[in-house]
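Note sheet for the following structure.
So that the names make sense, note that chain A is the first sequence line, chain B the second, and so on, each numbered from 1.
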2 protein chains.
Amino acid sequence: MVKRTSFEGDACPIARSLDALGDWWSLLIIREALFGLRRFGEFQSKLGMAKNILSVRLRSLVDHGILATAPASDGSAYQEYVLTPKGRGTFPILVALRQWSEEFDDAPEEIATILVDRAKGRPVKKLEMRAEDGRLLSPADTTLKPRPASRRRSA
Amino acid sequence: MVKRTSFEGDACPIARSLDALGDWWSLLIIREALFGLRRFGEFQSKLGMAKNILSVRLRSLVDHGILATAPASDGSAYQEYVLTPKGRGTFPILVALRQWSEEFDDAPEEIATILVDRAKGRPVKKLEMRAEDGRLLSPADTTLKPRPASRRRSA
DNA sequence: GGCATATGGTTTTATCATGCAACCACACAA
DNA sequence: TTGTGTGGTTGCATGATAAAACCATATGCC
């Protein structure tokens, strides 16, 4: 029925990504995790979200291999949530979202922070899409091709 | 009171972006629009979504300035939905989502298409984050700074 | 013109997810 | 033992989502 139309089986990679992190909280949790947050309570107080929702989201992110639970860290025998490589791999997505807001937001003066190069303190460059040989590509310069048959034997 | 926790007033640009396109359909609609779809029926049959949801989403995207309604185009006096510059600006977000799936998906063999450079037919390069001077940046090389006070007089 | 059909939605209704609050379990301290 | 803080789970109320029916307009056909 309503089933939230899981995109899990969809062939479109965008849909597949959205299936893992296309809700209202997951990317914000990841954002905080990239910032170093690890504990349930940290996420909860920083994001101001309901604890049950946080609980569900954390479990979902763990199930998707984006977060992993570390048995403990500071002695207190609770668990922590740390990003996996897959989780850290979402960074460009967050940067893209941030830059889109910075460029197109109707009320940019409400944006509190900017992402800067730590070494120079200067804003990072806009993400750009390039060809293998380095040419800058616009959306119109790209097209979709069917994925070539898997090279590694599947059976 | 569930209120869906609108992030509209939030100072975080990521949250602000998610407020506009952080649901399960908006980015897919935009994806199809980038592919050239314009008509209600095209979106509906291509995405296989309920018409009422599509209706609500289209209106929301128009309200957010991502789509605009064009009075007609092929004579039939209905309206079309075309991307604004703000809408086309989401392209890096979609590319980032796609590449994340391509790189980390647990079942990459289910992914049907790859994004290629139209001229060469070769996959596009991974998005990378660079400093103003062109240095490649990792997440750890970046940090957040408070936004400098608006330079253009607001009153 | 009259009728059928396709397009472009809106309305209705059922179900699911979200969010707040309250509650529970465990660890640690006194 | 009791108290307190962290880390959750459990109940509801409400809103979002989805499927299907319905409606309005436009077009094709006669």
Side-chain angles (χ1 to χ4, degrees), chain A residues 1-10 15 18-29 32-33 36-64 67-82, chain B residues 1-10 15 18-29 32-33 36-64 67-82:
Chain A
M1 313 278 156
V2 79
K3 219 32 166 304
R4 199 25 139 317
T5 312
S6 163
F7 301 121
E8 205 164 343
D10 200 292
L18 290 176
D19 191 61
L21 30 84
D23 68 287
W24 277 279
W25 288 114
S26 294
L27 282 169
L28 294 176
I29 292 172
E32 297 303 330
L37 297 200
R38 296 164 154 255
R39 298 293 286 260
F40 186 96
E42 288 178 326
F43 290 110
Q44 205 265 321
S45 62
K46 191 80 193 315
L47 291 171
M49 64 192 296
K51 294 198 292 179
N52 56 346
I53 304 294
L54 176 58
S55 184
V56 172
R57 286 287 159 262
L58 287 174
R59 203 184 344 271
S60 162
L61 290 170
V62 170
D63 289 346
H64 279 287
L67 293 175
T69 55
S73 123
D74 66 333
S76 41
Y78 295 113
Q79 53 185 357
E80 295 186 339
Y81 300 89
V82 296
Chain B
M1 296 287 174
V2 78
K3 218 32 165 304
R4 202 25 143 315
T5 311
S6 163
F7 300 120
E8 205 164 345
D10 201 292
L18 290 176
D19 191 60
L21 31 82
D23 68 287
W24 278 279
W25 288 114
S26 293
L27 282 169
L28 294 176
I29 293 172
E32 298 302 330
L37 298 200
R38 296 164 153 256
R39 300 289 288 259
F40 187 95
E42 289 177 325
F43 289 112
Q44 205 265 320
S45 61
K46 190 78 192 316
L47 291 171
M49 64 192 294
K51 294 199 293 178
N52 55 346
I53 304 295
L54 177 57
S55 184
V56 171
R57 285 288 159 264
L58 287 173
R59 207 188 337 274
S60 161
L61 290 170
V62 169
D63 288 346
H64 279 286
L67 292 175
T69 55
S73 123
D74 66 333
S76 41
Y78 293 115
Q79 52 186 356
E80 295 186 339
Y81 300 89
V82 296

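The distance from atom CD of A:Gln44 to atom C1' of C:dA21 is 12 Å, rounded to the nearest whole Å. When the P atom of C:dT18 is taken as reference, atom CG of A:Leu28 falls 14 Å away, rounded to whole Å. Atom CD1 of A:Ile29 and atom C1' of C:dT18 are 13 Å apart (whole Å). Rounding to whole angstrom units, CD1 of residue B:Ile53 and P of C:dT13 are separated by 17 Å. Distance CD (A:Glu80) to P (C:dA27): 17 Å, rounded to an integer number of Å. The distance from atom CG of A:Asp23 to atom C1' of C:dA17 is 11 Å, rounded to the nearest whole Å. B:Met49 places its CE atom 13 Å from the C1' atom of D:dA19, with the value rounded to the nearest Å. Between the CH2 atom of B:Trp24 and the P atom of D:dA16 there is a distance of 13 Å, rounded to whole Å.
Of the possible polar contacts, one joining the A:Ser45 side chain to the A:Gly41 backbone as a donor-acceptor pair under 3.5 Å is found. Side chain of B:Glu42 to backbone of B:Arg38: a donor-acceptor contact under 3.5 angstrom is found. Judged purely by atom type and a 3.5 angstrom limit, A:Glu80 has no side-chain atom pairing as donor or acceptor with the backbone of A:Thr69.
At the heavy-atom level, B:Tyr81 lies under 4.0 Å from the strands shown only through sugar-phosphate atoms.
Considering only side-chain N and O atoms, B:Arg39 lies nowhere under 4.0 angstrom from the phosphate OP1 or OP2 of C:dT7. Applying the 4.0 Å criterion to OP1 and OP2 of C:dG19, one finds that A:Trp25 has a side-chain N or O inside that range. When the side-chain nitrogen and oxygen atoms of B:Gln79 are compared with OP1 and OP2 of C:dT7, none of them lie within a distance under 4.0 Å. In this structure, A:Arg57 reaches the C:dT18 phosphate: one of its side-chain N or O atoms is under 4.0 Å from OP1 or OP2.
Minimum heavy-atom separation, B:Ile29 to B:Arg57: CD1-CB, 3.6 Å. Across A:Ile53 and A:Trp25, no two heavy atoms sit closer than the pair CG2-CD1, 3.7 Å.
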Tabulate atom names and distances for all N/O pairs under 3.5 angstrom spanning the protein and nucleotides 9-11 of chain D.
from	atom 1	to	atom 2	distance (Å)
D:dT9	OP1	A:Arg59	NH1	3.4
D:dT9	OP2	A:Ser55	OG	2.2
D:dT9	OP2	A:Arg59	NH2	3.3
D:dG11	O6	A:Asn52	ND2	3.3

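In this structure, A:Asp23 and B:Trp24 have side chains that are in contact, with non-hydrogen atoms separated by less than 4.5 Å. Looking only at side-chain heavy atoms (C-beta outward), A:His64 and A:Leu21 stay at 4.5 Å or farther from each other.
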